[in-house]
Trainee: 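Got a structure for you, written out below as structure tokens; questions coming shortly.
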Amino acid sequence: FLDIFYFPVWWYSTGAKQAFLGCMSFIGEANANLAPGLWLKNIFVPMFGQTDLQGRLTSFFMRLINVIGRGIGLIIWIFVVWILFLFWLAFPAIILFYITSNLFFG
């Protein structure tokens, strides 16, 4: 019975901390998978050992496009994860609002 009263405390303290750490883990995994920093680190390294001018230009622009695309993808993923985290925080308040509005105005 006491768990009903402890639930909001848990949701906004320990539960929020666990959800936040999970979101940070999702973002870290996306950064590891997309790795825009690694592409940026190697932006001037010629691909496939092509050290002539054409090979270096092609490698540079291909890596530049990859860095931009992967960076945009990572930013979008961070935005989605934070929206989901904010929804997770607001979910009990939304449910409580709909329950009370149906009870009193329904």
Side-chain angles (χ1 to χ4, degrees):
F1 181 71
L2 293 176
D3 287 341
I4 295 172
F5 296 109
Y6 180 66
F7 173 74
V9 174
W10 174 85
W11 189 272
Y12 290 109
S13 61
T14 306
K17 178 183 175 187
Q18 290 174 356
F20 178 78
L21 293 176
C23 288
M24 295 305 290
S25 174
F26 283 154
I27 292 170
E29 289 172 13
N31 187 34
N33 286 333
L34 294 173
L38 180 63
W39 283 85
L40 188 61
K41 177 181 159 186
N42 293 314
I43 198 163
F44 294 112
V45 177
M47 295 168 55
F48 310 115
Q50 297 289 328
T51 56
D52 58 339
L53 181 63
Q54 290 174 335
R56 287 184 181 270
L57 285 175
T58 303
S59 299
F60 173 76
F61 286 112
M62 287 305 296
R63 286 205 169 112
L64 182 65
I65 291 169
N66 262 295
V67 167
I68 292 170
R70 289 169 184 260
I72 290 171
L74 185 61
I75 289 169
I76 290 171
W77 181 249
I78 290 170
F79 181 73
V80 167
V81 168
W82 285 116
I83 292 296
L84 289 174
F85 178 69
L86 292 175
F87 178 75
W88 191 87
L89 286 176
F91 188 70
I94 293 168
I95 296 298
L96 186 63
F97 171 76
Y98 280 114
I99 287 173
T100 55
S101 66
N102 281 331
L103 285 176
F104 295 118
F105 304 112

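As the structure is a computational prediction, the values presented were derived from the model and not from experiment. Position 1 is the first residue of the sequence; numbering continues from there.
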Trainee: Any donor-acceptor pair under 3.5 Å linking the side chain of S25 with the backbone of L21?
Mentor: no
Trainee: Working to the nearest 0.5 angstrom, can you tell me the gap between I68 CD1 and I72 CD1?
Mentor: 7.0 Å
Trainee: How close do W39 and N66 get, heavy atom to heavy atom, and via which atoms?
Mentor: CZ3-ND2, 3.5 Å
Trainee: Hydrophobic clusters here meaning ILVMFWY residues chained together by side-chain heavy-atom distances under 4.5 Å, can you tell me if L53 and F44 are in one?
Mentor: yes
Trainee: If you count every heavy atom of other residues, nucleotides or ligands that lies below 6.0 Å from M47 atom CE, does the total exceed 12?
Mentor: yes
Trainee: Test side chain to side chain contact (heavy atoms under 4.5 Å, CB included) on W77 and E29 and set out the steps.
Mentor: CA-CA 11 Å; W77 181 249; E29 289 172 13; over 6 Å; no
Trainee: Could you tell me whether Y12 atom OH has more than 12 heavy atoms of other residues or ligands within 6.0 Å of it?
Mentor: yes
Trainee: What distance do L89 atom CG and L84 atom CG have between them, rounded to the nearest 0.5 Å?
Mentor: 11.5 Å
Trainee: Which distance, rounded to the nearest 0.5 Å, do you find between the CD1 of I43 and the CZ of F61?
Mentor: 9.5 Å
Trainee: I'd like to know whether CZ of F26 has more than 12 heavy-atom contacts from other residues, nucleotides or ligands below 6.0 angstrom.
Mentor: no
Trainee: CD1 of I78 to CE of M24: how many Å apart, nearest 0.5 Å?
Mentor: 8.5 Å
Trainee: Please answer whether the main-chain N or O of P46 pairs with a side-chain N or O of R56 as donor and acceptor at a distance below 3.5 Å.
Mentor: no
Trainee: Between atom CZ of R70 and atom CG of L38, what is the distance when rounded to the nearest 0.5 Å?
Mentor: 9.0 Å
Trainee: What heavy-atom pair brings G73 and L34 nearest, and what distance separates the two atoms?
Mentor: C-CD1, 4.0 Å
Trainee: Kindly give the heavy-atom pair with the smallest separation between G71 and P36, and that separation in Å.
Mentor: N-CB, 4.1 Å
Trainee: Verify the ring-centre separation between F91 and W88: is it less than 6.0 angstrom?
Mentor: no
Trainee: Do F20 and I27 sit in one hydrophobic cluster, given that two such residues count as connected whenever their side-chain heavy atoms are within less than 4.5 Å of each other, even indirectly?
Mentor: yes
Trainee: Is there a donor-acceptor contact under 3.5 Å from the side chain of N102 to the main chain of Y98?
Mentor: yes
Trainee: Take a 6.0 Å sphere around CH2 of W11 and say whether it holds more than 12 heavy atoms from other residues, nucleotides or ligands.
Mentor: yes
Trainee: Passes ring pair (Phe, Tyr, Trp, His ring centres under 6.0 Å), W82 versus F87? Steps please.
Mentor: CA-CA 8 Å; W82 285 116; F87 178 75; over 10 Å; no
Trainee: Where the side chain of S101 meets the backbone of F97, is there a donor-acceptor pair that is under 3.5 Å apart?
Mentor: yes
Trainee: Indicate if F7 and L96 have the same hydrophobic cluster label, given that clusters are the connected sets of ILVMFWY residues with side-chain heavy-atom separations under 4.5 angstrom.
Mentor: no
Trainee: Would you mind telling me which of V9, L2, I4 makes a side chain to side chain contact (heavy atoms under 4.5 Å, CB included) with Y6?
Mentor: V9
Trainee: Side chain to side chain contact (heavy atoms under 4.5 Å, CB included) with F48: which residues, sequence neighbours excluded?
Mentor: Q50
Trainee: Are I76 and L40 linked, directly or through intermediate hydrophobic residues, by side-chain heavy-atom contacts shorter than 4.5 Å (ILVMFWY only)?
Mentor: yes
